[in-house]
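Chain letters run A, B, ... following the sequence lines, proteins first and then strands; every chain starts at 1.
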2 protein chains.
Amino acid sequence: MASLADSIERYLKALLDQAREGMIEIRRVELAQEFECVPSQINYVLATRFTPEQGYVVESRRGGGGYIRILRLSWGSPPGLLQQICCSIGDEISQEDAEALLCRLGEIGAVSSRQEAMLRASLRMETSMLDPPWDGILRASLLKAMLMVLFEEY
Amino acid sequence: MASLADSIERYLKALLDQAREGMIEIRRVELAQEFECVPSQINYVLATRFTPEQGYVVESRRGGGGYIRILRLSWGSPPGLLQQICCSIGDEISQEDAEALLCRLGEIGAVSSRQEAMLRASLRMETSMLDPPWDGILRASLLKAMLMVLFEEY
DNA sequence: CTGATTTTGACCTTTCTTGACCTTCGCTGT
DNA sequence: ACAGCGAAGGTCAAGAAAGGTCAAAATCAG
């Protein structure tokens, strides 16, 4: 049973898939009514699943005629993809950011859900023994190494 | 007499046999109820019979709508090869042994020379900062993690 | 009998859901 | 102008709904 938050997330991402320009605009109350939940549930979904780390930007305006706008940041074309990713990983990365990145790779179909699960599990296992800042440093290079191997590129 | 843990193990593996993609998702409480046991029994089964060394990866999420997901690793050509390798790596491995292993994998064509080089380089980089015994422990899990990803099919 | 494995249960952490209360914005009447 | 009102959306904290941990107790195999 997927949670309500999951359903809303899927719904919004489906909308984004259809939308041109990777941007959608919604009314918080309306969406809440569709899912029969309190409006703040929408904020929860946005706060936990549409962060910049996950590749989204959310804008909103209050008052009459208010709205919530969600845009999906796009990664460039495949040739430079790995490079961009590695760049965004940097020398150090938190478990949360790493998982968000894997999530995005899954969403765009760059890795299968099985691969995603394995990468995530590996990252967690390998770095669980280390303390900051070593864990973040290790995670970064481990992730880059695994992605390089996966994509068979340099 | 098969123990409870054995029964749960068999049940889960039967589910995996039927499942597409070698992946299943369960609710810990539900499973516990089916077998009329405490939920933590499920964790025990997972911890003792579904480890990476035995060819499984387990992921889970807490909170409302939580779940436990189990993946069976199915690596290609020589069935069981990765499992054997993981076993032979153990909990700890020296840089020399690791490189020798990579070398062998290269010889039998399990990894390309590029991949071999990448793996070797990653191993060196990641563990150069640590002192024994941490470097060996880290190297072992690093190597297993990367090989898991590398041999992943689907 | 002894050591290893299994089973249980008390307690912990994470994630989700809800609701009360707050802030911002546009419009309208003075 | 501008004060007031209604219509958005925002915040936060409490409680519910999962799963996780750990170690003691029970059981099993040799």
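A donor-acceptor pair is defined here as one N or O able to donate and one able to accept, closer than 3.5 Å; no such pair exists between the side chain of Arg28(B) and the backbone of Ile42(B).
Atom CG of Leu46(B) and atom P of dC22(D) are 16 Å apart (whole Å). Distance Glu59(A) CD to dT24(C) P: 17 Å, rounded to the nearest Å. Atom C1' of nucleotide dG20(D) and atom CZ of Arg27(B) are separated by 16 Å, given to the nearest angstrom. Across the protein-nucleic acid pair, Leu4(A) atom CG and dA18(D) atom P stand 13 Å apart, rounded to whole Å.
Within the structure, a side-chain polar atom (N or O) of Tyr44(A) is placed less than 4.0 Å from OP1 or OP2 of dC16(C). Side-chain N/O atoms of Arg61(B) include one lying less than 4.0 angstrom from OP1 or OP2 on dC16(C). For the pair Ser3(B) and dC28(D), the criterion of a side-chain N or O lying under 4.0 Å from OP1 or OP2 is not met.
A donor-acceptor contact closer than 3.5 angstrom links the side chains of Arg139(B) and Gln95(B).
Heavy-atom nearest nucleotides on DNA chain D were determined for Gly63(B) and for Tyr67(A), and the one closer to the 5' end corresponds to Tyr67(A).
Here dT23(C) is the nucleotide among dT17(C), dA18(D), dT23(C) with the atom lying nearest to any side-chain atom of Arg62(A).
As judged by a 4.0 angstrom heavy-atom cut-off over every strand, Arg69(B) is placed among residues making no nucleic acid contact. When heavy atoms are screened at a 4.0 angstrom cut-off, Gly66(B) is found touching the sugar-phosphate backbone but no base atom.
DNA chain D lies under 4.0 Å from at least one heavy atom of each of the following residues of residues 29-43 of chain B: Val29(B), Ser40(B), Asn43(B).
In the interface, the side chain of Arg28(B) is paired with the base of dG20(D) through a donor and an acceptor atom under 3.5 Å apart.
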